[in-house]
Amino acid sequence: MRHRSAIARRTLLRGALATGALTATATSAAWGSPVRFDNPLARQRADPHVHRHTDGTYYFTATVPTYDSVVLRRSATLRGLRTAEEHVLWRRHDSGEMSRHVWAPELHHVDGRWYVYFAAGSSEDIQSIRMHVLENTAADPLSGTWVERGPIRTPWDTFALDATTFAHRGVRYLSWAQREPGIETNSNLYLAPLSDPWTLGGPPVRLSIPTRDWETRGFRVNEGPAALVRKDKVLLTFSASATDSNYCLGMLTAPADADLLDRDSWRKEPEPVFRTSVAHGQYGPGHNSFTVAEDGTDVLVYHARPYDAEVGDPNRHARLQSFGWKHDGTPDFGSPVPD
């Protein structure tokens with residue numbers, strides 16, 4: 001990782017952790033000794049998502065290589081997720097909708113209830129991927145009953161996945177990836193307000209189309225959005241290109257006081273903010289989420305392979321990496337660290 005100042009940085013946690021986005025306040029744009037983790041955090045767990053609840057408990061979910069279920073781990077510590085017992089919250093249907101390709105689950109706590117956002121295909125057409133939502137009203141997400149709240153409807157009945165939610169300035173948003181008719185891409189990024197956790201409350205805004213070289217290698221892809229709100233900025237990281245060594249993270253930024261539903265509020269970074277490191281043996285890092293370690297350190301959660309491989313190789317392992325901040329208020333992820 002790149003050298004950073006010896007000034008230590010600490011994040012002050014507030015109740016905004018429960019909004020689904022990490023809201024951080026820093027005393028400095030630089031930090032010193034990075035927190036080290038034992039990676040991989042979880043083998044063959046792609047598209048990792050970590051939620052830190054208001055009581056400090058960590059929850060981890062991810063895509064399993066059999067694509068057939070939603071799983072969840074729980075731990076009092078971030079490092080403890082590595083060995084925590086894994087529980088199955090929901091299994092795919094035997095046939096019809098939600099019976100194939102269960103991808104990219106995320107656990108969120110919204111208005112006192114638990115929600116899992118995930119994508120799934122159909123036995124009639126396994127590539128008919130759509131976004132779905134599960135709800136649980138129990139205080140403990142490992143108890144109670146998970147109820148299927150149905151698919152998230154958008155203006156187009158097309159390939160759609162990677163739903164995530166966050167709240168900002170009193171509005172709850174959904175961001176996701178979808179193939180829009182008339183645009184020759186595999187998926188673009190969208191944002192819309194929510195009227196409830198599974199219903200759009202207004203028309204979606206297209207935030208990003210994959211057009212740059214690093215977004216169009218193998219496939220023309222923008223997917224896997226993850227929100228991070230800090231001081232005067234709203235950040236959306238996303239994954240681009242094919243899910244091999246070309247996979248990488250891009251980033252959109254908007255002023256915190258801007259209209260997030262105005263496409264012109266957003267700026268795309270010209271280059272990837274996190275990409276393959278051959279020197280460190282990390283290939284295709286992407287589909288990230290954000291969390292905070294117990295000491296307040298900001299942490300990037302992502303998957304990568306330990307070698308160069310083709311799309312479909314199952315060894316995408318979940319990993320953790322601490323990160324700091326640049327003086328312009330944007331995150332400095334550095335390079336993927338070696339296992």
- Ser289 versus Glu106, side-chain donor and acceptor atoms under 3.5 Å: no
- Message: In this structure, is the centre-to-centre distance between the rings of Tyr247 and His287 below 6.0 Å?
- Response: no
- Distance-minimising heavy-atom pair for Pro210 and Asn222: N-OD1, 3.5 Å
- Does the pair Gln282 and Asp339 meet the rule for a side chain to side chain contact (heavy atoms under 4.5 Å, CB included), with working shown? CA-CA 8 Å; Gln282 302 296 311; Asp339 286 349; 3.3 Å; yes
- Task: Check Val50, Thr297, Val301 against Leu78 for a side chain to side chain contact (heavy atoms under 4.5 Å, CB included) and give me the one that passes.
- Result: Val50
- Pair His51 and Trp114, ring centroids less than 6.0 Å apart: yes
- Query: Can you find a pair of side-chain heavy atoms, one from Gln127 and one from His101, that are under 4.5 Å apart?
  - Reply: yes
- Query: Is it the case that more than 12 heavy atoms not belonging to Asp262 sit under 6.0 Å from its CG atom?
  - Reply: yes
- Query: Of all heavy-atom pairs between Asn136 and Trp146, which one has the smallest distance, and what is that distance?
  - Reply: ND2-NE1, 3.2 Å
- Message: Can you classify the ring geometry of Phe166 versus Tyr173 as parallel (below 30°), tilted (30 to 60°) or perpendicular (above 60°)?
- Response: parallel
- Message: Ignoring hydrogens, what is the shortest heavy-atom contact between Trp176 and Leu161? Give both atom names and the distance.
- Response: CB-O, 3.6 Å
- Item | Ion pair check, Asp157 and Arg130, cut-off under 4.0 Å | yes
- Can any side-chain N or O of Asp232 pair as donor or acceptor with the backbone N or O of Ala256 at less than 3.5 Å? no
- Task: Can you label the angle between the Phe118 ring and the Trp90 ring as parallel, tilted or perpendicular, going by 30° and 60°?
- Result: tilted
- Query: Got a sec, which residues hit side chain to side chain contact (heavy atoms under 4.5 Å, CB included) with Thr211, two or more places apart in sequence or on another chain?
  - Reply: Ile209, Glu215
- Ser99 side chain to Arg92 backbone, donor-acceptor under 3.5 Å: no
- Heavy-atom nearest pair, Arg319 first then Arg305, reads NH1-N, 4.1 Å
- Message: As an exercise, state the distance from CG of Leu81 to CD of Glu85, rounded to the nearest 0.5 Å.
- Response: 13.0 Å
- Please answer: with hydrophobic residues joined when any side-chain heavy atoms are less than 4.5 Å apart, are Trp156 and Ile183 in the same cluster? no
- Query: Can you find a heavy atom in the side chain of Pro331 that is under 4.5 Å from one in the side chain of Asp298?
  - Reply: no
- Item | Side chains of Arg74 and Thr57, donor plus acceptor under 3.5 Å | no
- Message: A side-chain contact here means heavy atoms from C-beta on lying under 4.5 Å apart; do Pro314 and Gln44 qualify?
- Response: yes
- Item | Glu310 atom CD, neighbour heavy-atom count above 12 within 6.0 Å | no
- Is it true that Phe60 and Leu107 fall in one hydrophobic cluster, defined by side-chain heavy atoms closer than 4.5 Å? no
- Atom OG of Ser241 and atom CG of Asp213: how far apart are they, to the nearest 0.5 Å? 7.5 Å
- Query: Does the side chain of Ser69 come within less than 4.5 Å of Val102's, by heavy atoms?
  - Reply: no
- Query: Does Leu260 offer a backbone N or O that forms a donor-acceptor pair with the side chain of Trp266 under 3.5 Å?
  - Reply: yes
- Item | Flag, side chain of Arg100 to backbone of Asp125, donor-acceptor distance under 3.5 Å | no
- Could you tell me which non-hydrogen atom of Arg45 sits nearest to which non-hydrogen atom of His303, and how far apart they are? O-CB, 4.2 Å
- Query: Should Val299 and Tyr58 be regarded as members of a common hydrophobic cluster, given that ILVMFWY residues are connected when their side-chain heavy atoms come within less than 4.5 Å of each other, either directly or indirectly?
  - Reply: yes
- Message: Could you see if Val64 belongs to whatever hydrophobic cluster contains Val116? Use Ile, Leu, Val, Met, Phe, Trp, Tyr and a side-chain cutoff under 4.5 Å.
- Response: no
- Query: Roughly how far, to the nearest 0.5 Å, is the OG1 atom of Thr276 from the CG atom of Asn246?
  - Reply: 7.0 Å
- Message: Run Thr154 and Met131 through side chain to side chain contact (heavy atoms under 4.5 Å, CB included) and show every step you take.
- Response: CA-CA 10 Å; Thr154 76; Met131 301 177 291; 3.8 Å; yes
- Query: Do any N or O atoms from the side chain of Thr61 and from the backbone of Val71 form a donor-acceptor pair under 3.5 angstrom?
  - Reply: yes
- Task: For the residue pair Glu148 and Leu134, establish whether any side-chain heavy-atom pair is separated by less than 4.5 Å.
- Result: yes
- Check whether Val171 and Val229 end up in the same hydrophobic cluster, where Ile, Leu, Val, Met, Phe, Trp and Tyr are linked by side-chain heavy atoms less than 4.5 Å apart. yes
- Atom pair CD (Glu269) and CZ (Arg212), whose distance is rounded to the nearest 0.5 Å: 8.5 Å
- Nearest-0.5 Å distance, OG of residue Ser123 to CD of residue Glu97: 9.5 Å
- Message: Under a 3.5 Å cutoff, is there a donor and acceptor pairing between the side chains of Asn188 and Gln178?
- Response: no
- Item | Aromatic ring proximity His108/Tyr117, centre distance under 6.0 Å | yes
- Query: Is a side-chain donor-acceptor pair under 3.5 Å present for Thr158 with Glu180?
  - Reply: no
- Item | Validation row: Phe333, Asn288 side chains within 4.5 angstrom (heavy atoms) | no
- Counting only N and O atoms by type, is there a donor-acceptor contact under 3.5 Å from the side chain of Lys268 to the main-chain atoms of Gly250? no
- Indicate yes or no for a side-chain donor-acceptor contact from His132 to the backbone of Ala119 under 3.5 Å, with no hydrogens or angles considered. no
- Between Asn186 and Phe159, does a side chain to side chain contact (heavy atoms under 4.5 Å, CB included) hold up when you go through it step by step? CA-CA 8 Å; Asn186 297 93; Phe159 183 88; over 6 Å; no
- Query: For the side chain of Asn39 and the backbone of Leu320, is there at least one donor-acceptor N/O pair under 3.5 Å apart?
  - Reply: yes
- Taking atom CZ of Arg153 as the centre, does the number of heavy atoms from other residues, nucleotides or ligands within less than 6.0 Å exceed 12? no
- Query: Tell me, do Leu200 and Leu194 make a side-chain contact under 4.5 Å, heavy atoms counted?
  - Reply: yes
- Item | Closest heavy-atom pair and its distance - Arg73, Leu41 | NH1-O, 4.1 Å
- Mark yes or no for whether Glu135, through its side chain, and Arg113, through its backbone, hold a donor-acceptor pair below 3.5 Å. no
- Hey, does the side chain of Arg267 reach the backbone of Met251 with a donor-acceptor pair shorter than 3.5 angstrom? no
- Task: Tell me, yes or no, whether the heavy-atom count around Asp257 atom CG, taken from other residues, nucleotides or ligands under 6.0 Å, exceeds 12.
- Result: yes
- Please examine the side chains of Thr237 and Leu300, heavy atoms only from C-beta on, and report whether any two atoms are closer than 4.5 Å. no
- Task: Look up atom OG1 in Thr137 and atom OH in Tyr115, then write down how far apart they are to the nearest 0.5 Å.
- Result: 9.0 Å
- Query: Counting only heavy atoms not in Arg91, do more than 12 fall under 6.0 Å of its CZ?
  - Reply: no
- Stepwise side chain to side chain contact (heavy atoms under 4.5 Å, CB included) test for Tyr283 and Asp244: CA-CA 7 Å; Tyr283 295 83; Asp244 52 17; over 6 Å; no
